[in-house]
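Contents: one structure, followed by commentary.
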Amino acid sequence: MVKKILIFFIPVLLVVLYGFKPHDKPTKSNNGVSFRNQSNPNQAMVISQAKLDANQISTWFRTNGSFNRDPSTGNAGFEWPKGSGKTARYASGLCLGCVVGNDTLTAIAEYDYDYKNGYVDDQGNPQGEDNPDYRVYKITAGNTTDPDYVNWPVSQGAYTDSIGQPLNLGTQTMFYVYTEAYPHGSGSTSLASLKAQILQTNWAYNVNGPLGNIVFQEYRIINRSSNTWTQTYLAQWTDDDLGTSTDDKVGVDTALNLGFTYNSTNNDGIYGTAPPAVGFDFFRGALVASPGDTVRYYSPPGSSNLIVKPGFRDLGLTVFNYYNNGTPQPSDPGSNVEVYRVLSGKWREGNTWVTPGGVTTTKCYTGDPVTGNGWLNEGERDRRFLQSTGPFVMQPNDTQIIVVAQVVAKGNSNLGSVTSLRSTSALAQRIFDNNFQVPPSAPAVPTQIYAPGNGIIYLSWSDTAEKVSIPNKLSGGTYKFQGYNLYQVRPGTNGANVEDRVLMATYDINDGITDIQDSVFSEVYGIFIYYTVQKGYDNGISRYFVMNRDYINNSLLYNGSQYKVVVTAYYYDSLGGPFSAPKLNETPVTSTNIIDVTPQNLTLGTQVNYNVGDTIITNQNDLGTMPIVTQPLNLKSATYTSSYGGTNANPYGIFQEQLIQQLLYCWRIRQISRVHRIPLR
């Protein structure tokens, strides 16, 4: 009898234990809201991860197909704005599904993962799991000595430029390779693998404005098996916890191919009033045979290598699906068949979505929450959604390239944020349509500070920004240097948002260009309005400023108090506009170029022979040379030589007209240098 009981009880126990298998769901969602079980998000120590944080989005990517989740804590990792400690997404990842013969094959990266770093060899075997070369590589524009730049994995498929150097798609660019050809580890998908190999590239731009709230992602998915994948779907899945996780709604804008999450009310427990909205822009779907159509795209993105494929069309976004965390239905899928149903636009049980008008569809909640019209997500819960492209067929060694973007925006209310998100999405689409010809951001301005504790902070900066011009391929024009802005930054912020800083002064070239106006999306009115984006005064260029008060508190400067200041350069392109790139290009304000200064009295016994603004006597006064002291404590006894135009090898160089106008303003020197061509030493 006991033996019979054990024979019955043991299988039941195994089923129960498997059914309660701990998934990779942490105790806390973002910002401390408890609703999940805890386990290690990495699964294996070989998983590589890195943070993309070039702009106002700071988020994680990993070689197990997952992103937006903090690998160290298992909590939400999509921080916005960067430095705020607030997160808008908990976890996101790539999901695949297809039919091979009588088998339904699926792979996911949700709370558990079917992917690991590495590749699939010609025999269909996974390789590279323990090879340290298969990891996340991240490069930053302008840094050619970083180990990731030097060891850029070209052999793995990382993009290069026209001369074979690592390709900087943005301010930061990230690349890595992974596969689900290893035994699946999620427990929610097929035991058999698709033997897919994925080459993922992510990039972001460090610029002001909406583009600073976008991350672009490209997936190159390769069928490395010997089987034909039929009825294939490729999906971008996300669990968005927008601040507090339990008060969210989801929807899709089918005109923009934008899936989004927004707050159900105008107040969130984490973000407060007017919480942001966050979304995925789906730019490019799978390519399928279509006689009479032609697809054109550039590979790599942003290059001049145009690929033309006659007889094909882009499927685009074909599925927008959603499910809840648990009850009520629809809820999380738990098997390979259920996962495939969700990827194809059904509930996990097989139910189809039906619009309020009675039409079967694969895209739910297509209404407009801003106007309240159409099919809207009701209630408020912890939501997940996914966007798929499919179905299509992939032959062995075929490649499909999918391009998406993460976008986030804040308006004057929870619904105003949806409107702002759509505007950001439209900008991202224009950038994609224009082959990512995004102009570089304005350069930082090297700045020096002197604060001797006398109630004054002295700022001085170099003229390097004045020598730069920036091509704007989106407009066909050029950003040319126009002036400087000097800001005091509010304590506790990174200065990135306009409300985080106070303008102390503006210096601009005396050339007739004063106020710069542009069409800019208004979060208040939900439309583009034409207004002044940069004040100008034709007051001439200065590289020196005396800060004699606290501009934020309108008070005196106090010794021992910390102040934050930054100098930016701004550039003007008259051909810019809302449908290309803005007319104004200003140095992004970030934690890297803000200067912290705490005025202190000079140490007792310190001897200062010159003060700020004093001039130093030279032996060339007849030529108008007049050195000005900007940092008294850094003066050194030495003999200095000053030369203008030319080089040591050719000291008879001729002055450039612009250099004379901006730096010398001396008619006599200009005439001497032109007529007599003598060295100025």
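If you read the sequence from its start, that first residue is 1, and numbering goes on from there. The shown structure was predicted, so the numbers you read here are calculated from the model rather than taken from an experiment.
Side chains of Tyr450 and Ser460 form no contact here, defined as non-hydrogen atoms less than 4.5 Å apart. Side-chain contact between Pro582 and Tyr479 is present, with heavy atoms from C-beta onward closer than 4.5 Å. Side-chain atoms of Thr447 and Val565, non-hydrogen and from C-beta on, never get closer than 4.5 Å to each other. Using a 4.5 Å cut-off on side-chain heavy atoms (C-beta onward), Val468 and Phe481 make no contact. Between Tyr298 and Asn305, the closest side-chain pair of non-hydrogen atoms is not below 4.5 Å. Between Ile449 and Tyr563, every side-chain heavy-atom pair lies at or beyond the 4.5 Å cut-off. Within the 4.5 Å cutoff, the side chain of Gln236 has no heavy atoms near those of the Ile402 side chain.
Ile594 CD1 to Asn494 CG: the interatomic distance, rounded to the nearest 0.5 Å, is 6.0 Å. Annotation: the span from Ile139 atom CD1 to Asp146 atom CG amounts to 8.5 Å, rounded to 0.5 Å. Atom-to-atom distance recorded for Tyr219:OH and Thr201:OG1 is 10.5 Å, nearest 0.5 angstrom. Atom CG of Leu503 is separated from atom CG of Leu486 by 8.0 Å, given to the nearest 0.5 angstrom.
No donor-acceptor contact under 3.5 angstrom links the side chains of Tyr572 and Gln534, judged on distance only. Using modelled atom types, one finds a donor on one side chain and an acceptor on the other under 3.5 Å when comparing Gln406 with Asn68. Using a 3.5 Å distance cut-off with no hydrogens or angles, the side chains of Asp133 and Gln156 do not pair a donor with an acceptor.
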Kindly determine whether Asn143 and Thr145 satisfy side chain to side chain donor-acceptor pair (under 3.5 Å), including the steps that lead there. CA-CA 6 Å; Asn143 187 347; Thr145 61; 3.1 Å; yes

For side chain to side chain donor-acceptor pair (under 3.5 Å), just list the numbers for Asp281 and Ser425, CA-CA rounded to whole Å, side-chain angles, deciding distance to a tenth of an Å, and then say yes or no. CA-CA 7 Å; Asp281 235 332; Ser425 169; 2.7 Å; yes

Let's go through Gln482 and Asp511 carefully: what are the C-alpha distance in whole Å and the side-chain angles of both, what is the deciding distance for side chain to side chain donor-acceptor pair (under 3.5 Å) to 0.1 Å, and is it a yes or a no? CA-CA 9 Å; Gln482 191 62 35; Asp511 60 357; 3.1 Å; yes

Please report the C-alpha distance between Asp573 and Lys583 in whole Å, then the side-chain angles of each, then the deciding distance to 0.1 Å, and finally whether the side-chain contact (heavy atoms from CB on, under 4.5 Å) criterion is met. CA-CA 5 Å; Asp573 174 16; Lys583 294 181 179 180; 5.5 Å; no

For the pair Asp148 and Arg135, evaluate salt bridge (Lys or Arg N to Asp or Glu O under 4.0 Å) and give the outcome as yes or no after the intermediate values. CA-CA 10 Å; Asp148 282 0; Arg135 58 181 175 83; 2.8 Å; yes

List the steps and the verdict of side chain to side chain donor-acceptor pair (under 3.5 Å) for Gln200 and Asn202. CA-CA 7 Å; Gln200 185 162 343; Asn202 314 310; 3.1 Å; yes

Would you check, one step at a time, whether the test side-chain contact (heavy atoms from CB on, under 4.5 Å) holds for Val566 with Val489? CA-CA 7 Å; Val566 63; Val489 178; 4.1 Å; yes

Salt bridge (Lys or Arg N to Asp or Glu O under 4.0 Å), that's the test. Do Lys535 and Asp515 meet it? Break it down for me. CA-CA 4 Å; Lys535 294 288 292 182; Asp515 293 354; 3.2 Å; yes

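When atom types are taken as modelled, the side chain of Asn593 and the backbone of Pro588 share a donor-acceptor pair closer than 3.5 angstrom. Between the Ser48 side chain and the Thr63 main chain, no donor and acceptor come within less than 3.5 Å of each other. No donor-acceptor distance shorter than 3.5 angstrom exists from the side chain of Thr478 to the backbone of Lys480, with no hydrogens or angles considered. When atom types are taken as modelled, the side chain of Tyr558 and the backbone of Pro599 share no donor-acceptor pair closer than 3.5 angstrom. A donor-acceptor pair under 3.5 Å is formed between the side chain of Arg284 and the backbone N or O of Ile401. Between the side chain of Thr424 and the backbone N or O of Ser420 there is at least one donor-acceptor pair closer than 3.5 Å. Looking at Asn497, its side chain never comes within 3.5 Å of a backbone N or O of Glu499 through a donor-acceptor pair. Side-chain atoms of Thr171 do not come within 3.5 Å of backbone N or O of Tyr205 as any donor-acceptor pair. Looking at Thr587, its side chain does come within 3.5 Å of a backbone N or O of Ala569 through a donor-acceptor pair. Side-chain N or O atoms of Asn435 include one that pairs as donor or acceptor with a backbone N or O of Gly302 at under 3.5 Å.
Considering every non-hydrogen atom in both Ala204 and Asn55, the closest pair reads CB-ND2, 3.5 Å. Nearest heavy atom pair, residue Arg549 against residue Asn554, reads NH1-OD1, 3.4 Å. Scanning all heavy atoms of the two residues, the minimum distance from Phe545 to Ala505 falls at CE1-CB, 3.7 Å. Shown here for Asp550 and Leu557, the closest heavy-atom pair between the two residues is N-CD2, 3.5 Å. Heavy-atom minimum distance, Ile470 versus Pro443: CD1-CD, 4.4 Å. The two residues Val136 and Ala50 make their nearest non-hydrogen contact at CG1-CB, 3.5 Å.
Tyr484 and Tyr487 have their aromatic ring centers separated by at least 6.0 angstrom. In this structure, Phe216 has its ring center under 6.0 Å from that of Phe436.
Ring pair Phe175/Trp152 is tilted by interplanar angle, where 30° to 60° counts as tilted. The aromatic rings of Tyr458 and Tyr544 sit parallel to each other, their planes meeting at less than 30°, with 60° as the upper class boundary.
Salt-bridge formation is not detected for the pair Glu79/Lys51: no Lys NZ or Arg NE/NH1/NH2 atom is positioned less than 4.0 Å from an Asp or Glu carboxylate oxygen. By the 4.0 Å N-to-carboxylate-O rule, Asp596 lies close enough to Lys564 to be salt-bridged with it.
Applying side chain to side chain contact (heavy atoms under 4.5 Å, CB included) to Trp80 and the options Thr87, Thr59, Val408 leaves one that passes, Val408.
A cation-pi arrangement, defined by a distance under 6.0 Å to the six-membered ring centre and an angle within 45 degrees of its axis, is absent between Arg89 and Phe67.
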